[in-house]
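Notes follow once the structure below has been shown.
Throughout, a chain's letter reflects where its sequence line sits, starting with A, and its residues are numbered from 1.
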Amino acid sequence: MSDIRNNPYLAHMRDGDAASTDGRKEGTSASFNALVPLQTTAAQQEAVENDECSGLTGRPYTQKYQNILAKRRDLPVNKQRQKFLDLIHNNQFVVLVGETGSGKTTQIPQYMVYDMLPQVEGKMIACTQPRRVAATSVAQRVADELDVKLGQEVGYSIRFEDCTSSKTVLKYCTDGMLLREAMSDNLLSRYSAVILDEAHERTLNTDILMSLMKNIASQRLDIKIVVMSATLDSEKFQKYFNDAPLLSVPGRTFPVEIYYTPEPERDYLEAAIKTALQIHAAEPEGDILVFLTGEEEIEEACRLLRARGDELIRRANSGPLLIVPLYSTLPPNMQQKIFEKAPEPRTKGGAPGRKIVVSTNVAETSLTIDGIVYVIDPGFAKQKVYNPRVRVESLLVSPISRAAAQQRAGRAGRTRPGKCFRLYTEKSFNNDLIEQTYPEILRSNLGSIVLQLKKLGINDLVHLDLMDPCAPEVLMRALELLHYLGALDDDANLTDIGHAISEFPIDPQLAKMIISAQHYGCTNEVLSIAAMLSVPNVFIRPREAQRAADMAKAEFAHMDGDHMSLLNVYHAYKGCAEPTQWCWDNFLQYRSLKAADNIREQLRRVAAKNDIPLVSNDFNSPDYYPLIRKALTAGYFMQVAHLERNGQYLTVKDNQIVLLHPSSVLERKPEWVVYNEFVLTKRHYIRTVTEVKPEWLLEIAPQYYDLSGFPPCEGKRILEKIVLKNAISLEEQESKKRKKEKSEKREKKEKRDKSEKRDKKDKKEKKEKRK
DNA sequence: GAGCACTGC
């Protein structure tokens, strides 16, 4: 343990003993003079906070600091500070449950800093968040609380942005970011403690990180782990972390009354609209939040609400309504509308106006709207599901869990007591809804995750200690994919290609595409395509201007297919003078294109770091596009469809009937295509499609196109013919080669014989001369 | 001739 005299917080207290309060004396006396381990009490910590100068910077505290300090002392978590410190002193893991408003996210990391003084050993404390905005905004708040400049002693680290310095002691970061760091520093040796926040959300990254921390903790007895969650499902966390102790901190929210429908609702959209209007007509002032499942449904609900709201206002003299849709793909300026105030009464003293926000799940966790008093919860959400049999991820409207329903209801009690109207029966809530939403790890394709785990040095995936183990078939699919990509060898160990792929923060297929592009001389172009495939759809198609949008899109169409069209869009975007206006004029999503540009730059850096040359072919060469398509094939040879003679596309190897997605720029139907996505809706579609040649498949991925395992279909027969033809020509080549070799041998032999004869002759002559 | 919950590296 370190010398406590190095403690920058406590150091100044030695000098100022005379002026000490009791609390400070408690801190000064026995503990640090006796060189005890770095363990503080709540009183010591508070004394340090009460001091005139900051222990971190040595500067006097500002008035702003003092004002915030008063509020911090009032947080529920502060009353449990001593209890928390006792637990963390005596345990490697602590589970902390704290509801909204407990102050856990801002305070616990600070308590840890005071207690562990990571800077003494040149280390840091990390606190992870599932979302970027949370990481940045909380870091800013804590920097203010500690009276330091953001990016100095307190910082954050998210994709595209590292706001830390050599002085940083406390770092907020996304959980994905910490995972990336662990890939190059398997034991996270730069950290003396890791705090995992919002663990109840059970995102893919949080689950992997929990497993990783458990593993690291068994090898590093000096590291402390705090797992923070908002739900009461704490037993599962405690059990998982070797029966860790639990600390519960009450939240600070207002009570929310729950109402259920007496009978099940047949049409939840209709019921939601009716309920909203009833609230408007009968309930006191306060805004309404309605949860629906997707963009189309939300826009439809807004239309109906506006129409019927107008009628209500006319007939019943109700207050004016502001109806706002909210979903993530909504342009930012439209998203800002949710923060507008409810409209004023039409006449002085008239019925108050009201705001109704109709939102997807984005309002459940990611965005907080002030002033919401009423929540309407139909009980559904779109959720990701993964079907390993057909290797397809899709979105399905499904009932939410009880935990999610609780979370939604909580949105009504942020500023004052509220009400939540559940559009299902109480019986249904208790009997039909599952307790918790299935964690993401059980609903995802794990290709990328398995590769990351390998890179993290975790080889035994079957015995991987996860809170919810994933299905063996999902693991098999992931290993299979990585093996075919050449990322894993026959013993499932990382290959050189695998190491390279894992460096890229994108799907393994995309990374393989980039790595392969160097052999086709087109890394520049393929980087652009990979970036465009990693962002949300760039094409906008408003209902009221569909034809204009389609025409704008046609300008970018490339006859080889959608990938090349994306490349056209990217090039045009890079070449335009005023990006925002240009995007607007061309029905393109500026946000997506900007993101693509950002990602491309990141990918370019990773490529450069891995010695992948950044090259392009001559644009005027006839091979310019075919070579790009070959690189595409090197990543996506597992996603190929063949046009059968009956006019239907069949996926190769799975023999699924699929249709070209109507958004495709391909007007004809090429015989062989690679596709980026399999979309499962009413029908099976392949989306983002480009023409390829069957010869390429056999040439680029012979290990995958071992046709003996393929189900019979036209595509297979054609590939077999090519294999045969290749074999024949190979045989011909071989025999030619053999003939050539034979004749060469003969010639050589003749030469040799001749020279030998000559030598003999020479020797003979020499001999005779000597004689 | 159609859809796109939400995050994240």
Among [options], which nucleotide sits nearest the side chain of [X]?
X	options	result
A:L395	B:dT7, B:dC4, B:dG3	B:dC4
A:S663	B:dA2, B:dG3, B:dT7	B:dA2
A:Y327	B:dC6, B:dC9, B:dA2	B:dC6
A:R132	B:dT7, B:dC9, B:dA2	B:dC9
A:S328	B:dG3, B:dA5, B:dC9	B:dA5
A:E296	B:dG3, B:dC6, B:dA5	B:dG3
A:K382	B:dC9, B:dA2, B:dC4	B:dC4
A:R180	B:dG8, B:dA5, B:dC9	B:dC9
A:P662	B:dA5, B:dG1, B:dC9	B:dG1

Legend entry - Contact nearer the 5' end of DNA chain B, comparing A:S448 with A:E295: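 It is A:E295 whose nearest nucleotide is closer to the 5' end.
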Rounded off to whole Å, could you give me the [atom1]-to-[atom2] distance for the [X] and [N] pair?
X	N	atom1	atom2	value
A:I208	B:dT7	CD1	C1'	15 Å
A:R687	B:dG1	CZ	C1'	14 Å
A:L178	B:dG8	CG	P	15 Å
A:K384	B:dA5	NZ	P	14 Å
A:H661	B:dG3	NE2	P	6 Å
A:E677	B:dG3	CD	C1'	11 Å
A:R202	B:dA5	CZ	C1'	19 Å
A:E297	B:dA2	CD	P	19 Å

Legend entry - Salt-bridge contact A:R303-A:E299 (side-chain N to carboxylate O under 4.0 Å):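 Salt bridge: no.
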Legend entry - Charged N-O contact under 4.0 Å between A:E435 and A:K236: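 Salt bridge flag = no for A:K236 with A:E435.
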NA contact type, [X], heavy-atom cut-off 4.0 Å: base, sugar-phosphate, or nothing?
X	result
A:R541	base
A:T203	nothing
A:N361	nothing
A:L179	nothing
A:R159	base

Can you find a side chain N or O atom of [X] that sits less than 4.0 Å from OP1 or OP2 on [N]?
X	N	result
A:T174	B:dT7	no
A:R683	B:dA2	yes
A:Y685	B:dA2	yes

Inset, instruction - Would you check if the side chain of A:K337 reaches a backbone N or O of A:V324 as a donor-acceptor pair within less than 3.5 Å? - result: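 Judged by distance alone, no pair lies under 3.5 Å.
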Legend entry - Test item: A:D197 side-chain N/O and A:T105 main-chain N/O as donor-acceptor pair under 3.5 Å: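 Checking the backbone N and O of A:T105 against the side chain of A:D197, no donor-acceptor pair under 3.5 Å is found.
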Legend entry - Distance-only donor-acceptor check, side chains A:E297 and A:Y327, under 3.5 Å: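 A:E297 vs A:Y327: no donor-acceptor pair found between side chains.
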Legend entry - salt bridge (charged side-chain N to carboxylate O under 4.0 Å, His left out) involving A:R668 - partner list, sequence neighbours excluded: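 Partners of A:R668 under the salt bridge (charged side-chain N to carboxylate O under 4.0 Å, His left out) test: A:E691.
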